[in-house]
Amino acid sequence: MVDQMIDVKALGKVAVLMGGRSAEREVSLMSGNGVLAALRARGVDAHAFDPAERRLDELAREGFDRCFIALHGRFGEDGTVQGALELLGIPYTGPGVMASSVAMDKLMTKRIWLAEGLPTPAWRQVHSAEETLAAFEALGAPMIVKPVREGSTIGLTKVMTAEQCEAAYAMASGQDPMVMCEQFIDGDEVTCPVLGTDAQARALPVIRIVAPDGNYDYQNKYFTDDTKYLVPCGLPAGEEEAIQAIVLKAYRTLGCRGWARADVMIDRQTRRPWLLEINTSPGMTGHSLVPMSARATGLSYEDLCVQVLAGAALDNPSAIRSGA
């Protein structure tokens, strides 16, 4: 159950930001409508707000006290909306400007994790099909080619042969001029959410993902029921705790707060976990993973939404506008 100390009336007038202008607009609308219904079910004065259709300064003019960010991808998960809300002085859910911006950039995230001694697969940044081929020769097959600043596997290709490099680069660069190639880790695919801030941050149960033919793509993430999600994850003794510890360190290293979800691959041979990326505005659809993990601890979807909302904050708390 949600913390009984949370006074939902004190949360004030709430905007659920959804939709937006990213490639993940459709999924964001699904997340946002789920969150909106959940908050209203718990008595929160919550309203839908689509930044693709309305100016953000209307949030201040209409007296919103805080925002639940259910936007995914660019212009919602990359620090841009967070920066606007900082200027407006309206607290918002999830990590702040810098953490959101860094986490959206997979290259920068990897550089920071590597500097902190956290495990992440080898990679190359590429600027052409020729460089993609050179990366393939260096990293080996299979290799992942993906946009640096996109999510939900949009623009991603699993390259098996040199002949696929040109098309893979074209697909990724069509989504983002920054493209990366990444060593493929063969093994168990898992994800681990984190709730809270600083010393209060805690990792939730790990979810093991078993997708059809090992292909956890956009379709299998959101629009089919063929993917299996295992909670408890059923990993060998000690592995779940080790993954939770790594994810918690990765979360804190980037300066995350509120909530996020990290994706991890476990090498089939060595059983070593490898951090792929961290999502700072996790999905909240009927197929989404944070609610699934939270439910395993006894926290319902509705109470999860209230708890995340109650943690809304600003990088500079003194900037909260008068009346918020």
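Bear in mind the structure is a predicted one, so any value in this text is a computation, not a measurement.
The hydrophobic clustering, which links ILVMFWY residues whose side-chain heavy atoms are closer than 4.5 Å, places V16 and V290 together. Cluster membership check: L254 does not share its hydrophobic cluster with L114, using side-chain heavy-atom separations under 4.5 Å among Ile, Leu, Val, Met, Phe, Trp and Tyr. In the hydrophobic cluster analysis, where Ile, Leu, Val, Met, Phe, Trp and Tyr join through side-chain heavy atoms closer than 4.5 angstrom, M178 is grouped together with M180. Under the 4.5 Å side-chain heavy-atom criterion for grouping Ile, Leu, Val, Met, Phe, Trp and Tyr, L248 is connected to W113 within one hydrophobic cluster. Hydrophobic clustering keeps L276 apart from L118 (ILVMFWY residues linked when any side-chain heavy atoms are closer than 4.5 Å, directly or through intermediates).
Contact annotation: the side chain of T132 approaches that of C181 to within less than 4.5 Å [non-hydrogen atoms, C-beta and beyond]. Under the 4.5 Å side-chain criterion, counting only non-hydrogen atoms from C-beta, L195 is in contact with L304. When side chains are defined from C-beta on, H47 counts as touching F64, because their heavy atoms get closer than 4.5 Å. Contact check for R25 versus D50: side-chain heavy atoms found under the 4.5 Å cut-off. F75 is listed as a side-chain neighbour of R21, based on a closest heavy-atom distance under 4.5 Å. V8 has its side chain out of reach of L39: every pair of non-hydrogen atoms, C-beta onward, lies at least 4.5 Å apart. Residues R42 and S300 have side chains in contact (heavy-atom distance under 4.5 Å, counting atoms from C-beta outward). Side chains of V190 and I243 form a contact here, defined as non-hydrogen atoms less than 4.5 Å apart.
The two residues G79 and S100 make their nearest non-hydrogen contact at N-CB, 3.6 Å. Closest of all the heavy-atom pairs between L85 and C67 is CD2-SG, 3.9 Å. Considering all non-hydrogen atoms of both residues, G19 and S28 come closest at N-OG, 2.8 Å. Nearest heavy-atom pair across K146 and L156 is CD-CD1, 3.9 Å. Between V159 and Q164, the shortest heavy-atom distance links the atoms C-OE1, 3.6 Å. The minimum heavy-atom distance between A138 and R124, with the atom names listed, is CB-NH2, 3.8 Å.
Here CG of L71 is found 10.0 Å from CZ of F49. Values are rounded to the nearest 0.5 Å. Atom CZ of R111 and atom OG1 of T120 lie 12.0 Å apart (nearest 0.5 Å). Here the CG atom belonging to L29 is positioned 7.0 Å from the CE atom belonging to M18, to the nearest 0.5 angstrom. The line from CG of D198 to SG of C256 is 11.0 Å long, rounded to the nearest 0.5 Å. The CD atom of Q175 lies 6.0 Å from the CD1 atom of I154; values are rounded to the nearest 0.5 Å. A distance of 7.0 Å separates CG of L17 from CG of L56, quoted to the nearest 0.5 Å.
Distance alone, capped at 3.5 Å, places no donor-acceptor pair between the Y251 side chain and the I246 backbone. Checking side-chain atoms of S293 against main-chain N and O of L289 turns up no donor-acceptor pair under 3.5 Å. A donor-acceptor pair is defined here as one N or O able to donate and one able to accept, closer than 3.5 Å; such a pair exists between the side chain of Q82 and the backbone of G76. Put simply, the side chain of E277 never gets that close to the backbone of K106: no donor and acceptor are under 3.5 Å apart. Put simply, the side chain of K158 never gets that close to the backbone of V145: no donor and acceptor are under 3.5 Å apart. T197 contributes a side-chain N or O that, together with a main-chain N or O of G258, makes up a donor-acceptor pair within less than 3.5 Å. T280 places no side-chain N or O within donor-acceptor distance of the main-chain N or O of M104, the cut-off being under 3.5 Å. Remark: side-chain polar atoms of T93 are paired, donor with acceptor, to backbone N or O of I69 under 3.5 angstrom. Under a 3.5 Å cut-off, the side chain of E150 and the backbone N or O of P147 do not form any donor-acceptor pair.
Neither side chain, S101 nor D78, offers a donor N or O lying under 3.5 Å from an acceptor on the other. Between the side chains of S288 and T285, a donor-acceptor pair is found at a separation under 3.5 Å. No side-chain donor-acceptor contact under 3.5 Å links E131 and Y169.
Note on R74 versus E24: no salt bridge recorded, every NZ/NE/NH1/NH2 to OD/OE distance being 4.0 Å or above. Taking 4.0 Å as the cut-off between side-chain N and carboxylate O, E239 and R271 count as a salt-bridged pair. Checked for salt-bridge contact, R149 and D176 meet the test: a charged N lies under 4.0 Å from a carboxylate O. By the 4.0 Å N-to-carboxylate-O rule, D267 lies too far from R272 to be salt-bridged with it.
Because its NZ or CZ atom is not both nearer than 6.0 Å to the ring centre of Y229 and within 45° of the ring axis, R295 does not count as a cation-pi partner of that residue. At least one test fails for R261 against the ring of W259: distance under 6.0 Å to the centre or angle within 45° of the axis.
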Hey, can you pull the donor-acceptor pairs under 3.5 Å for the side chains in residues 200-212, sequence neighbours left out?
from, atom 1, to, atom 2, distance (Å)
R208, NE, C233, O, 2.8
R208, NH2, C233, O, 3.3

Residue pair F136, M143: steps toward the side chain to side chain contact (heavy atoms under 4.5 Å, CB included) verdict:
CA-CA 7 Å; F136 181 75; M143 179 183 77; 3.8 Å; yes
What verdict does the side-chain hydrogen bond (donor to acceptor under 3.5 Å, both in side chains) test give for S22 and H72, after you've listed the backbone C-alpha separation in whole Å, the side-chain angles of each residue and the deciding distance to 0.1 Å?
CA-CA 7 Å; S22 83; H72 305 317; over 6 Å; no
Pair I185, Q183 - check side chain to side chain contact (heavy atoms under 4.5 Å, CB included), show working.
CA-CA 6 Å; I185 304 297; Q183 174 191 15; 4.1 Å; yes
Evaluate the criterion side chain to side chain contact (heavy atoms under 4.5 Å, CB included) for residue pair F68 and V308; output intermediate values, then yes/no.
CA-CA 8 Å; F68 192 115; V308 171; 3.8 Å; yes
Take V247 and L275, measure what side chain to side chain contact (heavy atoms under 4.5 Å, CB included) needs, and give me the verdict at the end.
CA-CA 8 Å; V247 165; L275 290 158; 4.3 Å; yes
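For the salt bridge (Lys or Arg N to Asp or Glu O under 4.0 Å) test, residues two or more places apart in sequence or in another chain that qualify with R54 are E58, E62.
Shown here is R252, whose CZ atom has more than 12 heavy atoms of other residues, nucleotides or ligands within 6.0 Å. Surrounding CZ of R55 are at most 12 heavy atoms belonging to other residues, nucleotides or ligands under 6.0 Å away.
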